[in-house]
2 protein chains.
Amino acid sequence: MPQTAYLPHIAYDSVVFGFSEGDLKILIMEYHNTGLFALPGGFVRLQENLNDAVLRGLNERTGLTNIYLEQFYTFGDFSRFDPEVMRTLLEANGILPADGYEWMLDRFISVAYYALINYEDVRPRPDALSDSCEWYPVNELPELILDHQHIVEKAIQTLRDNLDRKLVGGNLLPKKFTMNELQNVYEAILGTKLRRTTFQRKMLAAEVLTRHEKHFSGKAHMAPYLYSFK
Amino acid sequence: MPQTAYLPHIAYDSVVFGFSEGDLKILIMEYHNTGLFALPGGFVRLQENLNDAVLRGLNERTGLTNIYLEQFYTFGDFSRFDPEVMRTLLEANGILPADGYEWMLDRFISVAYYALINYEDVRPRPDALSDSCEWYPVNELPELILDHQHIVEKAIQTLRDNLDRKLVGGNLLPKKFTMNELQNVYEAILGTKLRRTTFQRKMLAAEVLTRHEKHFSGKAHMAPYLYSFK
DNA sequence: TTACTATTGTCACAAACTGAGACAATAAGA
DNA sequence: TCTTATTGTCTCAGTTTGTGACAATAGTAA
């Protein structure tokens, strides 16, 4: 990452949501030899679109290409500025700031995005600076650097606000899913239980679902239909 | 604006909404000797919070201090980069880029905000680079530089989406207003007519208004109550 | 003083929507 | 064949919303 390759002072952070075992989860990086946890983020190349930079970073970490991505806020408080954190990350990777990395110790304004992906499609991959990239339930996050906890909270709040308006919950599931699975996603996002009949009626009335064949799970009860988003 | 005073590559643009004569209007700058029209914007000082920079810029142009302000999107496409526009603006003001203004010809990522203000509270003031700062109805804007037309459209869309959820329409009116005036604001923002009785019932049920004395306009009919937001 | 007009606050009724439960129809195991 | 758990659908009541009606003004005109 030499100085000339990226726009200085500008970063992005991404809150990558997945759904598994009944929990809403997000991808968190743990940096090599530091015990520091952070959202996966990155920088923008000099001639690159901001949105493309985020998609590139997500692709590098998840291998996915068609990602549901939404920009939700830009964090620009001066109090975000804490060069010691970045210095620690660089040193843990054997990098001296003087070797062309001084710009990473500057103040950054960060554009935050959230992504919704199908948990099963991802094998998280660490990037060059990181030790591990793992899923954590949103209610059991480790302590995060800088204002990243705040970014996560705002991401969840925005996702909740957009849930009914944009009907995006399906992006957290495989192509085909049952009505019960979809309801579980909604409940995990909203943090509340929903009524089965009311939920089903609302989803069907919205006319965004296509009904497919039944799914036989081997359980001793009526088999549910599979659905997909139109 | 010497190089050292501001963060490079980062700008903000503000869409300042006002309401007058039945129209939703926004503040547009016309730059001196160029015929170029643009949203009022600015830069962030090295140790300044992003949000504070925007409030500072709005204060310089409107004299207002308590401004309803909302960040809505950050525009970061590389296609925004057009140094000729900025070069024209500088030259029209007799400034040579070589005099420490080269950074203004670089690529910028712009964080966009919208503000809602009471039209009557404002006497728009031009800033150092500008010739005039005037209100334009949103449906009769001049051609704007770069992607500013796109920014305006996204601002209006966001305002519409937030209107019911945040009940912010009152920020475009004086402290006290009639129900009919509030309805006119909503209609101007949404671009549609609303039913008088339904609108009044919804507003009263929301329990966000305080009812004050009646307002006698001199017209030959029942006088309406004045309201203010709680 | 007495009509007359335009607008306002409120009510009434129907239509649409939502919460909550009931129930028959399975799918598999006992 | 009986039992159990879950699903798709229906019903009914309560709430909200669309729509019009109507009396109560505040001025103007006769």
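Throughout, a chain's letter reflects where its sequence line sits, starting with A, and its residues are numbered from 1. Below, all heavy atoms of this structure are taken into account, side chains as well, without hydrogens, waters or symmetry copies.
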- Message: Check the phosphate of C:dA20 against A:R195, side-chain N and O only, distance under 4.0 Å to OP1 or OP2. Yes or no?
- Response: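 The answer is yes; a side-chain N or O of A:R195 sits under 4.0 Å from OP1 or OP2.
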- Query: Does any residue of residues 204-212 of chain B have a heavy atom under 4.0 Å from DNA chain D, and if so, which ones, in number order?
  - Reply: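 Those residues whose heavy atoms fall under 4.0 Å from DNA chain D, taken from residues 204-212 of chain B, amount to none.
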Ring centroid separation for [X] and [Y], is it under 6.0 angstrom?
X      : Y      : value
A:F72  : A:Y113 : no
B:Y114 : B:Y73  : no
B:F108 : B:F81  : no
B:H148 : B:F37  : no

- Across the strands shown, which category fits A:S217 at heavy-atom distances under 4.0 angstrom: base, sugar-phosphate, nothing?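 Here A:S217 touches no strand at all.
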- Protein-nucleotide distance (B:H215, atom NE2; D:dG27, atom P), rounded to Å: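 Going from NE2 in B:H215 over to P in D:dG27 covers 10 Å.
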- Using whole Å, report how far CE of B:M203 lies from P of C:dT10.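 After rounding, the gap between these two atoms is 16 Å.
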- Go through the steps for A:E143 and A:L36 under the test side chain to side chain contact (heavy atoms under 4.5 Å, CB included), then give the verdict. CA-CA 8 Å; A:E143 187 169 345; A:L36 295 181; over 6 Å; no
- Would you kindly check if the NZ (Lys) or CZ (Arg) of B:R211 is within the cone defined by 45 degrees around the ring axis of B:Y227 and under 6.0 Å from the six-membered ring centre?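 So B:R211 doesn't make the cation-pi contact.
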- Name of the residue among A:I117, A:N118, A:I189 meeting side chain to side chain contact (heavy atoms under 4.5 Å, CB included) with A:L172: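 Per the side chain to side chain contact (heavy atoms under 4.5 Å, CB included) rule, the option paired with A:L172 is A:I189, out of A:I117, A:N118, A:I189.
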If we only count heavy atoms from C-beta on, is the [X] to [Y] side-chain gap below 4.5 Å?
X      : Y      : answer
B:T178 : B:Q183 : no
B:L226 : B:E213 : yes
A:L27  : A:E134 : no
B:F75  : B:I109 : no

Extract from the structure each pairing of a protein N or O with an N or O of nucleotides 5-8 of chain C at less than 3.5 Å, listing the distance.
{"residue": "C:dT5", "atom": "O2", "partner": "B:A220", "partner atom": "O", "Å": "3.4"}
{"residue": "C:dA6", "atom": "N3", "partner": "B:A220", "partner atom": "O", "Å": "3.3"}

Taking only N/O atoms, report every protein-nucleotides 12-17 of chain D pair under 3.5 Å with atom names and distance.
none

- Message: By nearest heavy atom, map A:M179 and B:F216 onto DNA chain D; which one lands nearer the 5' end?
- Response: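 Checking each residue's closest nucleotide, the 5'-ward one belongs to A:M179.
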